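The structure appears below as structure tokens.
Throughout, a chain's letter reflects where its sequence line sits, starting with A, and its residues are numbered from 1. These numbers were taken from a predicted model, which means no experiment stands behind them.
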Amino acid sequence: LTDFLNYLMLGLTRGSMYALIALGYTLVYGVLQLINFAHSEVFMSGAFGSFLVVHAMVGDGKDVSGAEQVLVVLVGLAVGALSGAVVAYALERVAYRPLRRRGAPKLAFLISAIGASFFLSQLFGKLFNRLGNNQFPDYLNKNATLFTVFGAQVKLLQVVIIVAAVLLMIFLDRLVSGTKLGRGIRATAEDAPTAALMGVDIDRTISRTFMIGGALAGAAGFLFGSAFVFTNTMGFIPGIKAFAAAVLGGIGNIRGAMIGGLLLGVAENLIPTAPWVGGHAWIGQEWTDVVAFVILILILVFRPTGILGERLGRAA
Amino acid sequence: MNQRRTVPEWAGRAVACFVGAIVLALMVGPQQGSKNDYGLTFREQVLNPRIIAFLVVGALVFLAITYQDIVRRYASRPGVRPLIVGVLVLLASYFLMRWYDPLGNNGKFAGFADAVGRTGGIAPLAKVFFGWLWWVSLLVLIVGVFVAIARKLRWLGWASAGFAVVVGVIALLAHAAASGAGGGIDHSFGAPTAFIGYLVIAGAGVLAARSNAETAATREFVERVMAFRPGLPLVAMGLVLGLLALLIATWFAPQRNNATLVDTSKLFSGSDASALTTAYLGWLGYVLFVVVLVLGAAAVATGQRMLGYVATAAALIASLVTVITLHDISTTAFRAGAGAGPWRDLGTGGWLLSIAMFSIGSGGFIAARRAPVRGRSVMVGGATSPKAGRLHEMGASTTTISIALFGLGLALFYPPTATGFWQQALVTDIGVYVLLAIGLNVVIGWAGLLDLGYIAFYAIGSYTTAYLTGSLPVKPPSWLMMSPLWAIPFAIAVCLLAGVLLGAPTLRLRGDYLAIVTLGFGEIIRIIAVNNPGNFTNGPRGVASAVPHPVINLGFFRIEWGGNQLQYWYLLLVLVALLVFLFYRLENSRLGRAWAAVREDEVAAQATGVNTTRVKLLAFAIGASTSGLAGVFFASDIGYFNPQNFILNNSILIVAFVVFGGMGSLTGAIAGAAALTWLPDFLRDQVPSEDRVMWIGAVLVIMMIFRPEGLIPARRRKAELSGLAGHDTSVDQDLRAVPAGEGV
């Protein structure tokens with residue numbers, strides 16, 4: 001049970017990050033019916049952007065007081081979100097809008113997004129020396145345990161990540177269902193030409209949607225960076241898993257993406273490590289990624305509409 | 001909605017241009033980041049005086065966009081385009097290409113010019129050219145031609161053109177003088193390229209000097225000649241190349257001595273070279289060239305079928321004789337203790353002449369194919385007989401065929417005299433990826449399915465070969481052990497099976513889902529190879545023992561590959577030619593048309609009775625088996641490989657090759673793969689190899705924005721991708737119905 005709980009916590013931690021990234025996929029899919037392949041690089045840029053600021057704030061991360069810790073988390077989230085939003089905005093302007101104006105077929109969008117994704121990841125690699133093991137300053141003491149349940153240690157960092165992610169998701173849910181911008185997004189998702197006739201500025205809405213998704217992914221990048229090592233190619237695996245999560249919950253469906261992310265995170269950590277006792281797993285942890293991909297393929301083949309079904313307009 | 005504050009449009013544009021300039025500054029330049037100082041790169045690349053150059057570029061782009069009406073008015077004048085091309089060619093020759101091989105990496109213009117400046121006893125003309133004339137002439141020509149174009153100054157145009165020709169000749173002479181003083185083998189292309197650049201600028205000057213009516217008349221004349229005489233450009237190019245080869249080029253360079261054809265003849269006059277070689281060097285070479293040239297020119301001029309085929313045959317024989325002679329030269333010299341071995345120490349002359357003759361022969365071939373069939377008269381009203389237009393109907397223009405034939409000549413005759421580095425690069429970097437690109441072109445280009453896990457089939461093919469040849473920890477039963485050539489059908493079958501297994505459930509998915517699923521599949525295969533279940537793949541260390549080289553042994557006839565890369569190159573060429581032939585037939589078959597229908601509108605295709613899933617599955621399977629074939633080839637050529645060869649980056653690279661060359665166009669896929677694999681090797685001391693993927697990504701985005709149909713587009717695809725056809729029913733099309741900014 002101890003192992004089970006440990007893996008469950010790990011799964012929830014990772015899952016909450018997948019959920020944050022998945023929201024970006026889902027939002028963009030909702031308004032454009034396109035999968036934003038470069039979204040994983042937005043996530044990556046959030047990690048690097050916030051890293052620069054956090055590094056400047058606390059240096060090596062020795063002896064950080066409690067108030068400072070809270071400040072670092074808040075600032076890190078904000079800066080990560082900001083860099084994510086900036087990159088996502090630039091992405092939309094450069095790689096998507098010219099094609100959209102021309103009415104290009106989907107294949108062109110996909111290829112352009114893939115190009116942008118590789119460009120961004122390698123550009124950041126160039127900037128940060130392609131190190132394989134960048135780490136945030138240990139401002140929160142990664143091993144600090146908050147409390148223990150049945151011998152399983154619940155780490156402070158894990159709790160911070162999950163809480164931050166959930167708060168962000170609630171914020172997004174309110175944003176989409178309660179504000180004028182959210183109404184615009186939902187209207188665009190449901191029927192773009194009609195929305196335009198009703199006075200929604202489509203270009204602006206799409207651009208804002210990219211920025212919101214990018215901000216969430218950037219914040220997730222900060223959280224990911226705090227917990228694990230980060231590299232310029234770190235976006236790829238979480239990105240594709242977040243996409244799997246978005247599909248699992250029903251792409252285009254905001255709440256679905258949240259649920260899907262958490263489910264996928266838990267599943268990919270629990271399944272390979274079963275039966276969680278005796279230190280001998282049936283599948284083995286090195287197959288974690290394969291499990292996630294297999295889940296993705298199975299969902300796509302058997303239930304491409306996901307758990308909660310598609311449609312951004314309705315479910316939010 | 002409420003009224004928003006609007007930012008002036010030019011402000012946004014200016015910001016974009018300057019941000020773009022800064023990003024460009026970050027992209028260019030060496031790797032800088034460090035773990036101790038994360039701002040280092042930024043400071044080195046951006047807070048550096050050279051940022052001014054990038055900002056100037058940004059400002060120029062901004063001005064060009066802002067005043068695009070004026071710019072466009074000038075840019076459309078005759079002569080502007082050749083001017084730009086010529087300047088770019090010159091810049092490439094001065095900054096990218098090598099001017100003198102023995103200097104190593106410093107054989108570029110700057111290093112060579114330094115060396116020339118320091119050395120005494122070089123002709124003063126060379127000193128002047130390498131000292132200052134090269135950049136002064138460039139500046140003078142840019143300004144001169146541009147002013148001539150802008151102000152319509154005829155005398156200036158003529159003067160610039162003359163000056164450009166003079167400087168071009170000076171460049172050639174100066175290079176010859178300087179490299180002659182240095183001695184050593186010199187295969188460099190810098191000086192000839194510069195010469196071509198100056199000639200192009202001279203052309204721009206001439207265009208500027210002549211009035212529009214005169215230019216139009218000339219152009220019309222040229223077009224008329226081209227239309228009447230297909231194959232003429234190839235013959236003309238052959239003539240120029242052949243003269244270069246016979247008169248100037250180095251044929252043999254033992255002990256750092258550049259010998260032209262005449263010199264080589266003297267070298268071998270008393271040696272034990274075969275009679276053929278002696279004759280070739282003495283007189284046969286010239287005679288062969290003249291015969292081929294006369295035949296080819298006659299075929300093109302008269303348009304007679306038989307004559308065209310005779311010219312083709314003559315060219316092939318002559319090229320073959322040249323190659324045999326080259327081999328004999330190098331082996332004879334080797335035996336006499338002068339050369340470094342077979343196929344070594346050969347200069348550019350031999351292959352240049354072969355390519356020249358091949359190209360003339362191709363001209364004759366095209367002329368023959370285009371010639372009307374005898375006995376069937378040309379129809380009234382200029383329409384030719386049905387047979388005459390066949391090539392055209394089948395979707396290949398004369399230009400494309402000309403390019404393809406010239407490329408074939410290059411592929412046949414260039415490698416033997418290339419340096420070892422380039423032979424290796426040709427086979428393992430370029431050749432294998434060309435094969436893969438041809439296969440992926442079927443999937444992406446024809447069936448319109450984005451397959452991002454294409455490399456997985458390549459991996460499966462490679463590992464199948466390794467298993468069947470007993471190079472993995474798990475050995476096959478002894479009756480199943482085989483040579484790599486026999487493994488080809490098995491590898492293809494396994495890949496076919498894998499393709500069908502993956503495709504059958506997933507091909508019903510929408511395009512973007514398919515992309516993700518294939519991407520996941522590719523990663524699964526790679527992770528399996530790394531994780532090594534059942535100790536089958538030997539994990540990240542790669543195969544356990546080297547995959548053997550293929551052998552053909554018929555008792556009396558035995559070929560064993562592996563001696564040098566050339567053998568692999570020609571095997572590869574045969575495979576590629578075979579596949580191109582098969583796929584070319586396929587493109588215009590019933591299946592090819594079904595692919596086009598599915599690609600353009602799946603619902604409509606289904607409604608007209610195309611079994612879409614089956615058709616897509618076939619494309620997938622054909623692509624997968626091609627990839628498997630490439631895998632066999634790769635495994636036996638390289639011997640050792642590991643899962644790192646099959647990372648996602650490589651899948652994306654192949655997609656990039658296909659897209660860059662032109663989706664759906666076989667010539668395009670080959671050209672794209674060849675160009676994009678050749679460039680990094682060519683620029684390997686300019687651009688760090690780790691940055692390769694970054695540039696490729698940028699190229700993909702830019703291609704999709706400005707030229708989605710690729711370098712050598714397929715006609716049908718071009719219309720689809722530019723998005724003008726209006727048959728795309730997705731939302732983006734709907735969005736386009738709302739003009740930007742009208743939704744307020």
Side-chain angles (χ1 to χ4, degrees), chain A residues 32-35 37 51-52 55 90 93-95 98-112 114-120 122-123 125-131 134 192-193 195-197 199-203 236 240 243-244 247 286-287 289-290 293-294 296-297 300-301 304, chain B residues 1 16 23 26-27 31-35 38 41-42 444 448 450 505-506 509 511-513 515-517 519-521 523-524 527-528 531 648 652 655-656 659 690-691 693-694 696-701 704-705 708 720-723 728 730-738 740-744:
Chain A
L32 281 185
Q33 258 98 82
L34 277 175
I35 294 164
F37 259 91
F51 170 76
L52 282 182
H55 189 74
R93 285 307 289 258
V94 174
L99 303 187
R100 205 148 47 75
R101 289 270 164 79
R102 204 177 61 215
K106 269 189 183 173
L107 192 62
F109 283 91
L110 285 179
I111 292 167
S112 143
I114 289 166
S117 157
F118 273 71
F119 171 72
L120 282 172
Q122 294 304 316
L123 184 65
K126 190 171 174 113
L127 287 181
F128 295 95
N129 207 20
R130 296 199 173 79
L131 291 173
N134 293 306
L197 292 179
V200 178
D201 182 344
I202 299 288
D203 270 346
F236 171 59
I240 186 171
F243 172 77
V247 177
E286 70 268 28
W287 297 97
D289 292 345
V290 173
F293 293 140
V294 168
L296 167 67
I297 292 180
L300 282 179
V301 171
Chain B
M1 276 207 179
V23 170
L26 285 174
M27 286 169 70
Q31 180 81 46
Q32 293 281 0
S34 114
K35 187 148 194 180
Y38 285 96
T41 314
F42 196 79
I444 293 190
L450 186 56
T506 53
L509 299 172
D512 31 11
Y513 279 12
I516 289 272
V517 168
L519 198 155
F521 173 73
E523 277 301 290
I524 289 178
I527 296 174
I528 288 177
N531 282 348
L648 175 81
I652 307 290
V655 173
V659 171
E690 313 92 57
D691 288 356
V693 179
M694 178 179 76
I696 291 224
V699 163
L700 275 185
V701 176
M704 277 302 119
I705 297 174
E720 288 168 37
L721 282 166
S722 56
D728 188 6
S730 64
V731 157
D732 3 296
Q733 187 68 21
D734 295 343
L735 281 183
R736 205 163 66 101
V738 186
E742 204 176 90
V744 180

Next on the checklist: Just so I understand: if I count every heavy-atom pair under 4.5 Å between each of V659(B), V701(B), T506(B) and chain A, which residue has the most?
Outcome noted: V701(B)

Checklist outcome for this item: Output for pair (I527(B) CD1, D289(A) CG), nearest 0.5 Å, gives 4.5 Å

Checklist entry - Out of curiosity, I444(B) CD1 to I111(A) CD1, how far, rounded to the nearest 0.5 Å? => result 6.0 Å

Item to check | V23(B) vs F119(A), side chain to side chain contact (heavy atoms under 4.5 Å, CB included): CA-CA, chis, key distance, verdict | outcome: CA-CA 11 Å; V23(B) 170; F119(A) 171 72; 3.9 Å; yes

Item to check | Contact winner vs chain A - A698(B), G697(B), A515(B), A656(B), heavy-atom pairs under 4.5 Å | outcome: G697(B)

Item to check | I240(A) and L519(B): CA distance, side-chain angles, deciding distance, side chain to side chain contact (heavy atoms under 4.5 Å, CB included) verdict | outcome: CA-CA 9 Å; I240(A) 186 171; L519(B) 198 155; 3.2 Å; yes

Checklist outcome for this item: Bottom line for I528(B): the part with an atom under 4.5 Å from chain A's heavy atoms is both

Item to check | chain A contacts, top residue of L450(B), V699(B), N531(B) (heavy-atom pairs, under 4.5 Å) | outcome: N531(B)

Checklist entry - Does any heavy atom of chain A fall under 4.5 Å from the side chain of V517(B), the backbone, both, or neither of them? => result both

Checklist entry - Residues in ring-ring contact (aromatic ring centres under 6.0 Å, His included) with F118(A), at least two apart? => result none

Checklist entry - Measuring heavy-atom distances to chain B, does I35(A) have an atom under 4.5 Å in its side chain, in its backbone, in both, or in neither? => result both

Checklist entry - What part of I705(B) gets closer than 4.5 Å to chain A, counting heavy atoms only: side chain, backbone, both or neither? => result both

Checklist entry - Who passes side-chain hydrogen bond (donor to acceptor under 3.5 Å, both in side chains) against S112(A), sequence neighbours left out? => result none

Next on the checklist: Between I516(B) and F37(A), is the side chain to side chain contact (heavy atoms under 4.5 Å, CB included) condition met? List the steps.
Outcome noted: CA-CA 9 Å; I516(B) 289 272; F37(A) 259 91; 3.9 Å; yes

